[in-house]
Amino acid sequence: MKVLPDENITQKSISVLERYGHDVIHVLQRFDAGRNDEDVFRLALQEKRALITLNGKDFIVFIPPRTERTFCHEEKRGYV
């Protein structure tokens, strides 16, 4: 999996994640400390990386709300 640890995640995590086969680029390898969240989010999207952060509430505003509900047709138990 391609992952992008945010600057609030220790860079020591890189070797651990790589040991498990992940493709890891730390935010501080691309940007100086303090880069705005929108740029970090944009980088994750452009490179199709899962963003690992302790500040999820700061990034949630960049995800548009879902406009329709999807019915779980296999289980037929309701909406997901």
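- Taking CD1 of Ile60 as the start and CG of Asp37 as the end, the distance is 12.5 Å to the nearest 0.5 Å.
- A ring pair (Phe, Tyr, Trp, His ring centres under 6.0 Å) check over residues 6-34, counting only residues at least two apart or in different chains, returns nothing.
- Met1 and Val16 are members of different hydrophobic clusters when ILVMFWY side chains are connected at heavy-atom separations under 4.5 Å.
- To the nearest 0.5 Å, the span separating CD1 on Ile25 from NZ on Lys2 amounts to 9.0 Å.
- Distance alone, capped at 3.5 Å, is enough to place a donor-acceptor pair between the Arg49 side chain and the Val3 backbone.
- Between Arg30 and Glu47 there is a salt bridge, since at least one side-chain N of the basic residue sits less than 4.0 Å from a carboxylate O of the acidic one.
- Contact of the Gln29 side chain with the Ile14 side chain is registered, since non-hydrogen atoms from C-beta on lie closer than 4.5 Å.
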Would you mind writing out the side-chain donor-acceptor pairs for residues 50-59 within the sub-3.5 Å range, not counting sequence neighbours?
residue	atom	partner	partner atom	Å
Thr53	OG1	Asp6	OD2	2.9
Thr53	OG1	Asn8	ND2	3.3
Thr53	OG1	Asn55	N	3.0

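- When the side chain to side chain contact (heavy atoms under 4.5 Å, CB included) test is applied to Asn36, the partners found at least two apart in sequence or on another chain are Glu38, Asp39.
- Note on Leu28 and Leu4: separate hydrophobic clusters, where clusters join Ile, Leu, Val, Met, Phe, Trp and Tyr whose side-chain heavy atoms are under 4.5 Å apart, directly or indirectly.
- Annotation: side chain of Val24 is in contact with side chain of Pro5 (closest heavy-atom distance under 4.5 Å).
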